[in-house]
Structure formats: C-alpha cells, structure tokens
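Along the sequence shown, the residues carry numbers beginning at 1.
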Amino acid sequence: MNFSNVKFLTSYGTFSQLPKATRIEIAFSGHSNVGKSSLINKMFNRKSLAKVSATPGKTATINFFDFENIFIVDLPGYGYAKVSQNEKLRWAKLIDGYLNDTSRHLGLVFQLIDMRHAPTKDDITMINFLVESEIPFVIVLTKADKLNKTNRAKRLEAFKTEIPYFEDITSVSFSATTGEGVQEIRNIIEEIACLLYTSPSPRDKRQS
C-alpha cells in the first residue's frame, strides 16, 4: 500500500450524518490529547493531514480519510472535561453510534493510550466495550519517547494489571517524534486490509 496516497475526505458532527458504509474502515480512538492526529500525520508522512492542536478536545467530529481502498476514521477524543455537558453528550452519541453500528465495515480499531500514565477510566471502559463487542483492536502506547528505558519497562509491567487482558492484546509502542512503531502500524493496516477484502466483513463474523 502507498501511504502517500491519502487525502482528507470529510467530517461528520452527528451520527445521523454518517453515510452508509462502502469500504472497510480502520478507526483510531483515544482520550483527548493522546496523540491521534500526530499518529495519523506520522503514519502518512504529512504535517497537517489531521489537525494537531495543543488544546485537548480539538477533534469534535468523526473525520474520514480516503486511503486507497479503505477509509481511515479519526474518532473524537473522549474524556475532555472543559466542554459543556451538551457537547460531551454529542461526542458520546457520535462515538457510541459509530462503534455500535454493525452495518459499518469496521475492520480494526487502534486504541491509543498515553504510555506515560495508567489508563483512564474512560480508556478501560472503551477497552472493555471493544472486548465485549468482539471488535478487533490493537493498543497503541503513544509518547513512548518521553520515557527512558527503565520507566518504559515499569509502565509495560504495570499495564499488565491496569489493562484487562493486556498480555493477550497486540500492543505497539509509538512515538510521533522518533517514528517508533510507524512501520508496525502500517504493517497491521496492510495485513487487515488484505485479510478483510478476501473474507466476510468482521462485523458480520464478530471476530475477536
């Protein structure tokens, strides 16, 4: 796959705006300011494909990117406190509506977690939801460059007790600064795209 062959397609602010699924979709989920936009930009070698902001909660829409024969889907960052209750509710309905829509061809979710800290309550809720819904997912541990070797080892050990089923889940350490993990994420996307275009939709099969 050519990771330069990508373009921003459109954004949707409510679940009702989403069109019917026409392609396999690979979604990126995570807490506000966890680094979703930075990851997407690094993965596609772009500086501003996905808008990066120092302000948490900037991504308030579901953003679709056209990438060869699949859609890359950037979900709104959850858990940001400094917005109105109505806005939080809109975000929740948007994310929940998308992930619960079994008519979508959702091939994989990359669930991002800041490697420097224990997962938030919202992170755990999302992971449990993905497990219970049998939606395939990979954990991406962002901002890996911020930790030295010793602290990184401590966090990886701590995740075994902090994240349900952590040792059974594929995880990738990632840094938008050094590029660590980029090729591994690309390889996963290529593998998923190849697999799913030669087999039934994962939402039909409910693969774990």
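- The main-chain N or O of D96 is found under 3.5 Å from a side-chain atom of N100 such that the two form a donor-acceptor pair.
- Summarising the geometry, atom CD1 belonging to I24 is positioned 9.0 Å from atom CD1 belonging to I192; distances are rounded to the nearest 0.5 Å.
- Remark: side-chain polar atoms of S173 are not paired, donor with acceptor, to backbone N or O of A144 under 3.5 angstrom.
- The ring-ring contact (aromatic ring centres under 6.0 Å, His included) contacts involving residues 119-163 comprise F159-F166, where partners must be two or more places apart or lie in separate chains.
- Under the rule for a salt bridge (Lys or Arg N to Asp or Glu O under 4.0 Å), D145 has no partner lying at least two apart in sequence or in another chain.
- With rounding to the nearest 0.5 Å, the separation of CD1 in I189 from CG in L108 is 8.0 Å.
- Residues that satisfy the salt bridge (Lys or Arg N to Asp or Glu O under 4.0 Å) test with E157, not counting sequence neighbours, are K160.
- Side chains of L130 and N128 form no contact here, defined as non-hydrogen atoms less than 4.5 Å apart.
- Within the 4.5 Å cutoff, the side chain of I127 has heavy atoms near those of the I163 side chain.
- The ring-ring contact (aromatic ring centres under 6.0 Å, His included) pairs that include a residue from residues 108-127 are F28-F110, where partners are two or more places apart or lie in different chains.
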Begin from the C-alpha positions of V172 and I188 and carry the test side chain to side chain contact (heavy atoms under 4.5 Å, CB included) through to its verdict. CA-CA 10 Å; V172 179; I188 291 170; 4.0 Å; yes
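- Residues I124 and P119 share a closest heavy-atom pair of CD1-CG, 3.7 Å.
- Within the 4.5 Å cutoff, no side-chain heavy atoms of F65 are placed close to those of V73.
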Applying salt bridge (Lys or Arg N to Asp or Glu O under 4.0 Å) to D66 and R23, what does each step give before you reach the verdict? CA-CA 10 Å; D66 184 354; R23 299 183 189 178; 2.7 Å; yes
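- A centroid separation of less than 6.0 Å is found between the aromatic rings of F67 and F3.
- Rounded to the nearest 0.5 Å, atoms CG (N5) and NZ (K7) are 9.0 Å apart.
- Side chain of R46 to backbone of S4: a donor-acceptor contact under 3.5 angstrom is found.
- Under the rule for a salt bridge (Lys or Arg N to Asp or Glu O under 4.0 Å), the partners of E180 that lie at least two apart in sequence or sit in another chain are R152.
- Under a 3.5 Å cut-off, the side chain of T161 and the backbone N or O of A158 do form a donor-acceptor pair.
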Could you walk me through whether D114 and N33 pass the side chain to side chain contact (heavy atoms under 4.5 Å, CB included) check? CA-CA 9 Å; D114 190 329; N33 211 33; over 6 Å; no
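- Nearest heavy atom pair, residue A176 against residue S38, reads CB-CB, 3.9 Å.
- Within the 4.5 Å cutoff, side-chain heavy atoms of I95 are placed close to those of P76.
- Only one option out of E25, K93, R104 pairs with Y98 in a side-chain hydrogen bond (donor to acceptor under 3.5 Å, both in side chains); it is E25.
- Looking only at atom types and distance, the side chain of T125 has no donor-acceptor partner in the side chain of D122 under 3.5 Å away.
- Residues V6 and I40 are not in side-chain contact: their nearest non-hydrogen atoms beyond the backbone lie 4.5 Å or more apart.
- What you find for G77 and K36 is that their closest heavy atoms are N-NZ, 3.9 Å.
- Minimum interatomic distance between S29 and M126 (heavy atoms only, all atoms of both residues): OG-CE, 3.6 Å.
- Counting all heavy atoms, side chain and backbone alike, L147 lies closest to M115 at CD1-O, 3.7 Å.
- Taking 4.5 Å as the limit, some side-chain heavy atom of I139 sits within range of a side-chain heavy atom of I113.
- In this structure, the ring of F64 has its center less than 6.0 angstrom from the ring center of Y12.
- For the atom pair CD1 of I185 and CD1 of I26, the computed distance is 11.0 Å after rounding to the nearest 0.5 Å.
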Please assess M1 against E68 for the test side chain to side chain contact (heavy atoms under 4.5 Å, CB included), listing each intermediate value before the final yes or no. CA-CA 8 Å; M1 301 179 82; E68 296 200 352; 3.7 Å; yes
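- Between I169 and P164 the shortest heavy-atom distance is CD1-O, 3.5 Å.
- Considering only heavy atoms from C-beta on, L39 comes within 4.5 Å of L112 through its side chain.
- The CG atom of N63 sits 10.5 Å away from atom CG of L9, with the distance rounded to the nearest 0.5 Å.
- Annotation: the span from T61 atom OG1 to L94 atom CG amounts to 7.5 Å, rounded to 0.5 Å.
- Each side-chain hydrogen bond (donor to acceptor under 3.5 Å, both in side chains) pair with one or both residues in residues 184-195, not counting sequence neighbours, appears once here: Q183-N187.
- Two residues are said to be in side-chain contact when any heavy atoms from C-beta on lie closer than 4.5 Å; F174 and K143 fail this criterion.
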